[in-house]
Enquirer: 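For reference, the structure I am asking about is given below.
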There are 2 protein chains.
Amino acid sequence: MEKVTIATVAVRAGVSRQTVSNVINTPEVVRPETRERVREAIASLGYRVNQAARQMRTGRSKLLAVRIEPARDGINGSVLDRFLHGLTDAATVAGYRVMLYTASGDDGEIATYEELLTEYDLDGFVLTSTHHGDPRTSWLAERDVPFVTFGRPWGAPDTHSWVDVDNAAGTAAATRHLLATGHTRIGFLGWPAGSGVGDARREGWASTMAEAGLPTEDVVAVDGVDSGASAAERLTNATAVVCASDSLALGAMRALPGRAIVGFDDTAVARAVGLTSVSQPLAEAAGRCMDLLAELLDGRAPTTPTHLLLPPSLVVRRTA
Amino acid sequence: MEKVTIATVAVRAGVSRQTVSNVINTPEVVRPETRERVREAIASLGYRVNQAARQMRTGRSKLLAVRIEPARDGINGSVLDRFLHGLTDAATVAGYRVMLYTASGDDGEIATYEELLTEYDLDGFVLTSTHHGDPRTSWLAERDVPFVTFGRPWGAPDTHSWVDVDNAAGTAAATRHLLATGHTRIGFLGWPAGSGVGDARREGWASTMAEAGLPTEDVVAVDGVDSGASAAERLTNATAVVCASDSLALGAMRALPGRAIVGFDDTAVARAVGLTSVSQPLAEAAGRCMDLLAELLDGRAPTTPTHLLLPPSLVVRRTA
DNA sequence: TTGTAGGCGTTATCAC
DNA sequence: GTGATAACGCCTACAA
């Protein structure tokens, strides 16, 4: 299999290399019959552009990067997994490829940006796990590197485009479901205050309870099954519990057998044990991230950043 | 931040571009003092090679590709996740980057190989989920594309290098552990015969039982918690059950409360519910894959392919 | 040991 | 509408 370049195609179609390039990049500028002839040559030769050569000229690599994190607690690791899959799919459709990197800490990640940017000319980044005081976004923004975050910029100004899941809507839906099934003493098992995601999940439950005019009871635990179990034991009145994660929910199931429990993230664990859980639309979120990033990369992005809050859905199983 | 090329460095160090290139690629050919001067220039300018330009000349992209699969059953999705993380880490150390792709079916994957190879000049592939009648390895081998598989070539000749986890050793260890804790009637809950991995997992249990001179009892179910539960109910004599996966084990836990159960894969679910399980050394497997691939890419691979069988370990928790 | 010349495949520019 | 030319940054000859 000989190497097929734009020159090979040009010879076959009886045109110049430039005309072939035009057919690929700006077809409307080529006469239809010529265009057709070139296209046939491309197809019959199985020609494909050489991205490295193109990149040398255009400075664009058609490459995106995402960080793959160690599955922390483990239970929630699959969330990133599903997001990555969706992103890879969406990127392919949009003509991009996804590159992986690992990094420890925000500074390490920023160092990696520099490497990736100068060595591979990366076109853009998708950031996950945004958090309070996140230095990554401003670093990228200062250098005009296109990026989108999956997760809103907690505590920072909304100066870039992001996609997020409406965490509060998720726990609100869970709470409404429990109300509809007759519960009135619905507790909440959450994370310590301060994490944006965790606070939003608590808020969805709290506001729904307030609307219903019902008293609330909530406890706090670091994420984990065992810590969730011991915290749940302090929920003495509740007949039902909304939890900030499936890990906590699992703990609650153990500590409070027989009560209605709802988790968050719809992880494999939830499916396995029949735990009702709030499911994030990860594939859609990934697709939207790609859409926004593509806009940025094509220079057709609106001047004001876009913010997308996607509604999660409740997957009802045995526990509620 | 101006663009720093090899020419910038050359000017700064007062040498020719070629000398800079030599310092980077064949330092031993440059006089030590010159070398040092060039290195200082590189450091102070923050120079990094442009991979696209290098690739144009050398034909090597320093890029590897791995497929990211949709988390099938879900429970076992995290296995790939952890492997990917390890691979990304190992690749970075070896000077490579990992690119992701998705594909449906073996043919779709092969089509993707062509694209990746011609468009991005990929240096090599790491394949996962090898199976009987896998057409991917021969396609790659015929075209002399460097690759390594994580998972041995079931039913096909061992003509390429691979890394795998010794599945039989895992269930054997689980069985020995159960024997040591006093069980004699140890059943097996496995997948239908025909999958290489599943058969190996059964074999480890069966041979250990045979060595101990004990009678065996085993049932079969497609992977899943519910199917595992109903199959487990047919294990009437066993006081302990070794399972081919954590999903099946979860089913067994439900169907046979109080009996000793061991799962396989040490997924998040196992940690969450306290299931004793066989843990695969995924980070190490990924590292080995990278090592073997690097050998291949550097042309310093032995003429006969390398096969690595890594021992898993048993993580003992509450259920056994 | 160091420097010079040429070209990898593509596209932007500017003639025709 | 089409084609010639140069340039992107690097590396491999080869020459000095």
Side-chain angles (χ1 to χ4, degrees), chain A residues 1-39 41-42 45-63 95 115 117-123 299, chain B residues 1-39 41-42 45-63 95 115 117-123 299:
Chain A
M1 208 158 57
E2 289 302 306
K3 199 171 296 180
V4 179
T5 76
I6 220 170
T8 326
V9 178
V11 171
R12 168 73 70 102
V15 297
S16 74
R17 289 179 313 184
Q18 181 53 30
T19 300
V20 178
S21 174
N22 285 337
V23 169
I24 296 167
N25 301 295
T26 47
E28 66 279 7
V29 93
V30 180
R31 193 193 311 162
E33 24 195 292
T34 315
R35 198 194 302 159
E36 218 28 64
R37 198 149 36 93
V38 172
R39 287 206 168 127
I42 289 179
L45 290 166
Y47 166 79
R48 284 202 178 84
V49 299
N50 178 322
Q51 294 290 353
R54 166 178 282 180
Q55 175 185 336
M56 285 256 288
R57 276 304 291 169
T58 64
R60 316 198 55 203
S61 61
K62 292 288 185 176
L63 250 31
E115 254 182 69
L117 250 16
T118 54
E119 285 190 14
Y120 286 94
D121 252 307
L122 255 87
D123 286 349
Chain B
M1 206 156 58
E2 290 302 305
K3 199 170 298 180
V4 178
T5 77
I6 221 171
T8 325
V9 178
V11 172
R12 168 71 71 103
V15 298
S16 76
R17 292 178 315 188
Q18 178 51 27
T19 301
V20 179
S21 175
N22 283 338
V23 171
I24 297 168
N25 300 296
T26 46
E28 67 279 7
V29 92
V30 180
R31 191 193 311 162
E33 24 194 295
T34 316
R35 197 194 305 159
E36 217 28 64
R37 197 149 35 94
V38 172
R39 287 206 167 126
I42 288 179
L45 289 166
Y47 166 80
R48 285 201 176 85
V49 299
N50 177 321
Q51 293 291 352
R54 166 177 280 180
Q55 176 184 336
M56 285 254 287
R57 280 301 294 166
T58 63
R60 317 197 57 202
S61 61
K62 291 290 187 176
L63 250 31
E115 254 181 70
L117 250 15
T118 54
E119 285 191 14
Y120 285 94
D121 253 306
L122 257 89
D123 286 350

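Below, chain A is the first sequence line, B the second, and so on; all start at residue 1.
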Enquirer: Kindly give the heavy-atom pair with the smallest separation between G95(A) and K62(A), and that separation in Å.
Expert: O-CD, 3.4 Å
Enquirer: Can a side chain N or O of Y47(A) be found less than 4.0 Å away from OP1 or OP2 on dT10(C)?
Expert: yes
Enquirer: Among dG3(C), dG9(C), dG3(D), which nucleotide has an atom closest to any side-chain atom of T19(B)?
Expert: dG3(C)
Enquirer: Under a 4.0 Å heavy-atom cut-off, which of residues 27-39 of chain A touch DNA chain D?
Expert: V29(A), V30(A), R31(A), T34(A)
Enquirer: Drop me the distance from Y47(B)'s OH to R39(B)'s CZ, to the nearest 0.5 angstrom.
Expert: 13.5 Å
Enquirer: Only pairs at least two apart or in different chains count here, so list each salt bridge (charged side-chain N to carboxylate O under 4.0 Å, His left out) that has a residue in residues 47-61 of chain B.
Expert: none
Enquirer: Has the side chain of T5(A) got a donor or acceptor atom that lies under 3.5 Å from a matching backbone atom of A7(A)?
Expert: yes
Enquirer: For Q55(A) and Y120(A), which heavy atoms make the closest approach, and how far apart are they?
Expert: NE2-O, 3.5 Å
Enquirer: Ignoring hydrogens, what is the shortest heavy-atom contact between P27(B) and R35(B)? Give both atom names and the distance.
Expert: O-NE, 3.2 Å
Enquirer: Run the side chain to side chain donor-acceptor pair (under 3.5 Å) test against R12(A) and tell me which residues pass, sequence neighbours left out.
Expert: S44(A)
Enquirer: To the nearest angstrom, how far is M56(A) atom CE from dT11(C) atom C1'?
Expert: 11 Å
Enquirer: At what distance, to the nearest 0.5 angstrom, does CD1 of I6(B) lie from CD1 of I42(B)?
Expert: 7.5 Å
Enquirer: I6(A) has an atom CD1; how far is it from atom P of dG9(C), in whole Å?
Expert: 11 Å
Enquirer: Listing time: all N or O pairs from protein to nucleotides 12-16 of chain C that are below 3.5 Å?
Expert:
| unit_1 | atom_1 | unit_2 | atom_2 | d |
| --- | --- | --- | --- | --- |
| dA12(C) | O4' | R57(A) | NH2 | 2.7 |
| dA12(C) | N6 | Q18(A) | OE1 | 2.4 |

Enquirer: Okay, side chain of D121(A), backbone of S61(A): is any donor-acceptor separation there less than 3.5 Å?
Expert: no
Enquirer: Taking all heavy atoms of V9(B) and all of L45(B), pick out the closest pair and write down the distance.
Expert: CA-CD1, 3.8 Å
Enquirer: Report the distance from atom CG of N50(A) to atom NZ of K3(A), rounding to the nearest 0.5 Å.
Expert: 8.0 Å
Enquirer: Is a side-chain donor or acceptor of N22(B) paired with a backbone partner of V30(B) at a separation under 3.5 angstrom?
Expert: no
Enquirer: Taking R37(B) for the side chain and A13(B) for the main chain, is one N or O donor matched with an acceptor at less than 3.5 Å?
Expert: yes
Enquirer: At a heavy-atom distance below 4.0 Å, what parts of residues 7-14 of chain A sit against DNA chain D?
Expert: none
Enquirer: Using C1' atoms of five pairs at each end, report the bend of the helix from dT1(C)-dA16(D) to dC16(C)-dG1(D) rounded to 10 degrees.
Expert: 40°
Enquirer: Roughly, in whole Å, what's the span from CD in Q55(A) to P in dT11(C)?
Expert: 12 Å
